[in-house]
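This report refers to the structure that appears directly beneath it.
The basis for the numbers below is simple: all heavy atoms, side chains too, and nothing from hydrogens, waters or symmetry mates.
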Amino acid sequence: MTNKDAADLLEAFADVLELRGANQFRVRAFRTASRRVDGLIVDLSELVASDSLESVPGIGKGIAGFLRELVTTGRVAEYEELRAEIPPGVFDMLRVPGLGPKTAATLYSKLEITSIDELEAAARANELAKVRSIGAKRQERLLRELQRFRERTARHLLGDVLPLAEHLAAHVRAAPGVSEATYAGSLRRMRETIGDLDILAAADDPDPVMRHFLDHEAIDEVLASGSTKSSVLVANNLQVDLLVVPPASYGAALVYFTGSKEHNIELRHRALALGLSLNEWGLDEVETQVRRPAPGEADVYVALGLPVIPPELRESRGEIAAAADGALPELIELSDIRGEFHGHSLWSDGAASIADMVQAAQAAGYAFIGITDHSGSLQVANGLSPERIRAQRDEIEQARADVSGIRVLHGSEVEILSDGALDYDDDLLAELDVVVASIHSNFNQPREAMTARLIAAIRNPHVDLIGHPTGRMLGYRDGYEFDLDAVLTAAAETGTAMEVNASPERLDLDDVMARRAKELGVPIAINSDAHRPESLVYMRYGVATARRAWLTAGDVLNTMTPEALTAWLAQPKPRRWSPHR
């Protein structure tokens, strides 16, 4: 039970009390106690153990009993009983700006509104205007806030947020007195979708930093502005929170605000075992109450007997134990990538010529690039008939003649048909340098049929890799169902690679699946699936996903030299693959 968890529960209990119409003095007492606990430099459990909770200003006998029960049992019976009497949707309503516990209680008691959906329906039916404490003008404001709340709470794609975050962080770094600044939260861990964007800065005087930040032209609206924290809305209603901390606390704050919550909990337990209390301000020696400064993340991890754990791994998936054992992998870097296999041109649904795609790959420093336009059955993507893909060779050969220092692979993204057969016959597939087999249709087949469909393609002697293996589109459709382990086992047995599709709308395989592929010895290929030259930059998102999957350069085909790759592709299946080669 961390101090932050306890503070959050105190605030939640105050909400419950207010929703039930409790005495306002008691409500305010719990809100005050929440702030006090959140600001403690000593771990709350230490105060419980020493029976000194009531020495903290703002914590009386009743709240001390609340906290004692919370720390010792992990729960508070009164809170759970009172909360259970209120529909869960009422608490969701409190997340809407401008709708506090008093208003929510009124809406619940007078109109029996118990969810955000019911709240919106009542507002659109003009029912809220009839409530004396709301009225027509406030009803109109609530409708606007509801719409913006829905947009703001939607998840944003990694590929949409990261470039903006880098720009905003650079802007903050240019503010007077800032020594360091970066983005934190789930973005720094490179999760595939992002909620709010957190930016952390180190400065002795936060005021000029805030003024500089709030002047940025990308800001559409200021939601809150304080001395050390401001919240704003930028493009697509993305909420950005800037927090300014003293330089001596920057490392501890960066660990805390990067997360994940579960990772931080493990770190705090490790700290307590070493006689330390870890929070966002630094490391405190429990016995002496002396605070150790933590200007860098290394100051935190080294104090806990650990190397710095890469942010992408901080998901409480065994990374702390691995770090303690000296077993953290040397994660793949973007600079390890020598090329990719899966890209499109004007011949199918791409937006550029083969020559343009090859030149863009060369400009990116690639040593090889695959042109893999769609096969004929995918007519919506202008798929190539056998005659057209053979005719395409002339343009491939011309591109090879026009550039030097890069190997151009002629391939195809071949459709896996409903019965597991491929769109081209084996003779034509044998003529290609690389074959990516993918599914773009009939996603609703039963799990068993989809598993068999994928395995049939994997066992084809000419298929080199399976493209975007789950077929998902983030925010648009879930992937189709199949037996992941059965498919990955077949891929390992045959030496067929599985793709991490780096397009921000896909990131498929995801990090968990890619890590499982590594465990089973499956080679991984990371591809931008570029349909235009500028989309080659998507590779960075695929590498980020691979890092979250604990992959090293040796796990990924793209790190091979063109000569080694060509030799590997030429091997008959079952193809030999040695991870960490």
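- Put simply, OH on Tyr480 and OG1 on Thr451 are 10.5 Å apart, with the number rounded to the nearest 0.5 Å.
- Counting only residues at least two apart or in different chains, side chain to side chain donor-acceptor pair (under 3.5 Å) contacts with residues 318-331 comprise His263-Glu319.
- Within the structure, salt bridge (charged side-chain N to carboxylate O under 4.0 Å, His left out) contacts touching residues 558-568 (residues at least two apart or in different chains) are Arg407-Glu563.
- Judged purely by distance below 3.5 Å, without hydrogens or angles, the side chains of Asp373 and Ser345 pair a donor atom with an acceptor atom.
- In this view, Glu397 and Arg400 satisfy the salt bridge (charged side-chain N to carboxylate O under 4.0 Å, His left out) rule, not counting sequence neighbours.
- By the 4.0 Å N-to-carboxylate-O rule, Arg189 lies close enough to Glu315 to be salt-bridged with it.
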Contacts table for residues 455-463: side-chain donor-acceptor under 3.5 angstrom, sequence neighbours left out:
{"unit_1": "Arg459", "atom_1": "NH2", "unit_2": "Glu493", "atom_2": "OE1", "d": "3.1"}
{"unit_1": "Asn460", "atom_1": "OD1", "unit_2": "His462", "atom_2": "N", "d": "2.8"}
{"unit_1": "Asn460", "atom_1": "ND2", "unit_2": "Asp426", "atom_2": "OD1", "d": "3.3"}

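- Every residue was checked against the salt bridge (charged side-chain N to carboxylate O under 4.0 Å, His left out) condition with Arg453, not counting sequence neighbours, and none meets it.
- The pair Arg515-Asp555 does not count as a salt bridge, with every side-chain nitrogen at least 4.0 angstrom from each carboxylate oxygen.
- Between His374 and His531, the ring planes lie tilted relative to each other; the angle falls in the 30° to 60° range.
- For the side chain to side chain donor-acceptor pair (under 3.5 Å) test, residues two or more places apart in sequence or in another chain that qualify with Thr193 are Arg155.
- Annotation: side chain to side chain contact (heavy atoms under 4.5 Å, CB included) contacts of Arg532 (sequence neighbours excluded): Ala351, Glu534, Ser535.
- The closest donor-acceptor contact from the side chain of Thr559 to the backbone of Val556 lies under 3.5 Å.
- Atom CD of Glu266 has more than 12 neighbouring heavy atoms from other residues, nucleotides or ligands inside a 6.0 Å radius.
- Among residues two or more places apart in sequence or in another chain, the side chain to side chain donor-acceptor pair (under 3.5 Å) test is passed with Glu448 by none.
- Heavy-atom minimum distance, Asp508 versus Gly471: OD2-N, 2.9 Å.
- Annotation for Leu507 and Glu192: closest pair CD1-CB, 3.7 Å, computed over non-hydrogen atoms.
- Residue Asp478 places its CG atom among 12 or fewer non-hydrogen atoms of other residues, nucleotides or ligands, all under 6.0 Å distant.
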Steps toward side chain to side chain donor-acceptor pair (under 3.5 Å) verdict (Glu340, Asn558): CA-CA 6 Å; Glu340 54 181 291; Asn558 309 64; over 6 Å; no

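- Asp464 has a carboxylate O that lies under 4.0 Å from a charged side-chain N of Arg575, or vice versa, which qualifies the two as a salt bridge.
- Between Arg506 and Asp529, the closest heavy-atom pair is NE-OD2, 4.0 Å.
- In this structure, Ser260 contributes its side chain and Arg314 its backbone to a donor-acceptor pair below 3.5 Å.
- Defined by atom type and a distance below 3.5 Å, a donor-acceptor pair is present between the side-chain atoms of Glu413 and His468.
- Glu395 is linked by a side chain to side chain contact (heavy atoms under 4.5 Å, CB included) to Trp347, Ser353, Ile354, counting only residues two or more places apart in sequence or in another chain.
- In the model, Asp241 has a side-chain atom that pairs as donor or acceptor with a side-chain atom of Gln239 under 3.5 Å.
- Under the side chain to side chain donor-acceptor pair (under 3.5 Å) criterion, Asp485 pairs with Arg516, not counting sequence neighbours.
- Phe341 pairs with exactly one of Leu465, Thr372, Ile526 by the side-chain contact (heavy atoms from CB on, under 4.5 Å) rule, that one being Leu465.
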For residues 539-546, which side-chain N or O atoms pair as donor and acceptor with protein atoms under 3.5 Å away, sequence neighbours left out?
{"unit_1": "Arg540", "atom_1": "NH1", "unit_2": "Glu166", "atom_2": "OE1", "d": "3.4"}
{"unit_1": "Arg540", "atom_1": "NH2", "unit_2": "Glu166", "atom_2": "OE2", "d": "2.5"}
{"unit_1": "Thr545", "atom_1": "OG1", "unit_2": "Tyr541", "atom_2": "O", "d": "3.1"}

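- Between the side chains of Ser385 and Glu387, a donor-acceptor pair is found at a separation under 3.5 Å.
- Atom CZ of Arg576 has 12 or fewer heavy atoms from other residues, nucleotides or ligands within 6.0 Å.
- Gln398 and Asp402 form a side-chain donor-acceptor contact under 3.5 Å, judged by distance and modelled atom types alone.
- Listed by chain and number, the residues in a side chain to side chain donor-acceptor pair (under 3.5 Å) with Arg268 amount to none (sequence neighbours excluded).
- A heavy-atom distance below 4.5 Å is found between the side chains of Asn501 and His342.
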